[in-house]
Amino acid sequence: MRDVYIVGTGIHPWMGFSEQVFADFAAVAVDGALKDANVEWHKIQSIMAGIFIYGGNAGHLSGQYLESIFGETGIPVVNVYNACATGSAAIRMAYNSVAAGETDTALAFGADVSPKGFLTAKSDNAVQDRDVIRWKMGGMPNPIYWALECRKRMAKYDTTEEDLALVKVLMSEYGAKNPHARFKKTYSVEEVLNSVYVCDPLRLYEICPVSTGAAAVIVTADRELIDKADHPVKINATTMGSAMYGDPTIRISALSCPSVPEAPMLSESYSASRQAYEKSGIGPEDIDVLELPDNSSWHYLVYLETCGFCKEGEADRMLRDGLTRIGGKLPVNPSGGFSSHGEALSAQALWQVIECANQLRGRCGDRQVEGAKVAMAQTYGLMGNSGTTIMSI
Amino acid sequence: MENMANKVARIPDLVDWSTGEVRLMSAKCNSCGTYFFPREHYQHRPGCSREGVENVLLPVKGKLASYTIQYYPCPPPFKTEKKITPYGIGLVEFEQEKIQVAGIITDTDLDSLEIGMEMETTTLTMFTNDEKQQVVTWAFAAVK
């Protein structure tokens, strides 16, 4: 396998609902990546596209729509969906194509336009699509699942409502410094604790909404492109994991879960991260900056444990002791996280990779983690989807 | 028990009241021992032969393993005639079957919810259909 480098990245800043079509957002991100890498469109030898699930035919063939904007060249264009880890799947395929020598330079992108309101069932077939049952019979929007797990955590460990609020405080402090973030307001612990419960114990400011956004990454093994790139970032590993039998987590869309654990919680993310550690020879202790999926304050805490940055039940202490702050032992989500961005399904995993790359390239201004050499982006998608990307400079 | 004759589940094959008790319709794999809910949502142990899956009913009673209180109305396709927010969602554990099942909490003081409390399976009427039948889902209530 050849060494593969990120040489160009582009983002369309995160925002709320828009009447504009997803391909326009994608084009902004891809244009940005091409300019950043200083490469011509015809150098792109394959496109790995995250699909836009609410975009009908166009959204499901997002790669073809994107290619036609920049000019069709006959290259392989593959469209992929792995829930909120879709971008992880796209960059993994781009990496594999280049590392294996199938192509020299590949583009991974994702673009999503927020639906008005909630993400809901996409079919009416209750036998085939378990999502239908949880919506029609269960009355269970996504945050319910996180709240059920958060309550278990609070009963098992000493996680407090103040801990959950502190996550938002920290994320808002960093989001305010990130030009790509959607939410720029900063909050105090009191303000977060005064926000309404959405699903007890999670409050309005402790869960992330859905957003519009786009992100694109160009990876290459072409020596000429690497040499002319501004601080090329090496991909040490980019992996995906699925769930393991006996995982006790109640997964979004499911109506049941095992009561006797035979696998770690969030086993898909446990698996993805362990694969990445093994492939790269880099462990949690080597990571200088971490982007994790803070879909809710509960995620922020549990992911530190799932990915092996501390033992089970110790994440709260890491947070309280300031270890996860910029300047701390393990800066977490200097981007402001999903808390400051919201979810843009097919784009968010790539946006996390880009934040990591920007940190390694020293481009993060007021939220820069000084001297960051190794970074890790970790994703979480419903129904057992996850990806890990470890990068270095 | 109230008259269940004029009730219909909004989605079939999930909750049964034909025996006089309200019970969830599960399936058990006799090869790997795993219980599934809903029945067709298989979660076999890797390497299982998948032979001998049989339909079973879960016990009426279980223990509350976790809960949350939902404060805003659930969007469609969820539908209730009356406003039910705030409503509880519980994760109820059936110990022998080694499974926890999620469902709406009904007929229970939400302030009294506590992990470990005994819950029983029941139904919740969501709305009345054109045939004047009460359309129900499964639900859990604190054992009184």
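Just so it is clear, the values below take in all heavy atoms, side chains as well, and ignore hydrogens, waters and symmetry mates. Protein chains get the first letters and strands the later ones, always in sequence-line order, with residue 1 at the start of each.
Interatomic distance, A:M137 CE to B:L14 CG, rounded to the nearest 0.5 Å: 5.0 Å. In this structure, B:F37 CZ and A:C257 SG are separated by 12.5 Å, a value rounded to the nearest 0.5 Å. Note that CZ of A:R153 is 13.0 Å distant from OG of B:S66, once rounded to the nearest 0.5 Å. One finds the OH atom of A:Y197 at 9.5 Å from the OG1 atom of B:T68 (value rounded to the nearest 0.5 Å). With values rounded to the nearest 0.5 angstrom, A:S256 atom OG is found 9.5 Å from B:Q100 atom CD.
For the pair A:W135/B:C74, a side-chain contact is recorded, criterion being any heavy-atom separation below 4.5 Å from C-beta on. For the pair A:I144 and B:Q70, the minimum side-chain heavy-atom distance is below 4.5 Å. Looking at heavy atoms from C-beta onward, B:Y67 lies in side-chain contact with A:R151 at the 4.5 angstrom threshold. Using a 4.5 Å cut-off on side-chain heavy atoms (C-beta onward), B:I69 and A:C199 make no contact. Side-chain contact between A:V198 and B:Y72 is present, with heavy atoms from C-beta onward closer than 4.5 Å.
Among the candidates B:P77, B:G103, B:P46, the residue making the largest number of heavy-atom pairs closer than 4.5 Å to chain A is B:P77. When the candidates B:G90, B:P38, B:G88 are compared by the number of heavy-atom contacts under 4.5 Å with chain A, B:P38 comes out ahead. In terms of heavy-atom pairs under 4.5 Å with chain A, the best-connected choice from B:V101, B:I99, B:L124, B:L91 is B:I99.
At a 4.5 Å heavy-atom cutoff, B:P12 makes no contact with chain A through either its backbone or its side chain. Contact annotation for B:I89: both backbone and side-chain heavy atoms come within less than 4.5 Å of a heavy atom of chain A. Both the backbone and the side chain of A:A126 have a heavy atom closer than 4.5 Å to some heavy atom of chain B. Heavy atoms closer than 4.5 Å to chain A are found in both the backbone and the side chain of B:Q43. A:M140 touches chain B through backbone and side chain together, each having a heavy atom under 4.5 Å away. Only the side chain of B:E93 comes within contact range of chain A, with heavy atoms under 4.5 Å apart. No part of B:V92 comes within reach of chain A, as not one of its non-hydrogen atoms sits under 4.5 angstrom from that chain. Contacts between B:Y87 and chain A at a heavy-atom distance below 4.5 Å involve the side chain alone, from C-beta outward. The contact between A:V127 and chain B is made by backbone and side chain atoms together, counting heavy-atom distances below 4.5 Å. In this structure, chain B has a heavy atom under 4.5 Å from the side chain of A:I250, while its backbone stays farther away.
More than 12 non-hydrogen atoms from other residues, nucleotides or ligands lie less than 6.0 angstrom from CD of A:E314. Applying the 6.0 Å contact sphere to CD of B:E95 captures no more than 12 heavy atoms from other residues, nucleotides or ligands. Within 6.0 Å of CD on B:E54 lie more than 12 heavy atoms contributed by other residues, nucleotides or ligands. Atom NZ of A:K311 has 12 or fewer neighbouring heavy atoms from other residues, nucleotides or ligands inside a 6.0 Å radius.
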query: Does the side chain to side chain contact (heavy atoms under 4.5 Å, CB included) test come out yes or no for B:Y71 and A:D200, once each step is laid out?
result: CA-CA 8 Å; B:Y71 282 87; A:D200 173 9; 3.8 Å; yes
task: Show your reasoning for whether salt bridge (charged side-chain N to carboxylate O under 4.0 Å, His left out) applies to A:E262 and B:R45.
output: CA-CA 10 Å; A:E262 293 189 41; B:R45 184 182 290 276; 2.9 Å; yes
field: side chain to side chain contact (heavy atoms under 4.5 Å, CB included) between A:I133 and B:H41, worked out
entry: CA-CA 11 Å; A:I133 302 175; B:H41 292 174; 4.0 Å; yes
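In this structure, a donor-acceptor pair under 3.5 Å is present between the side chains of B:T34 and A:Y245.
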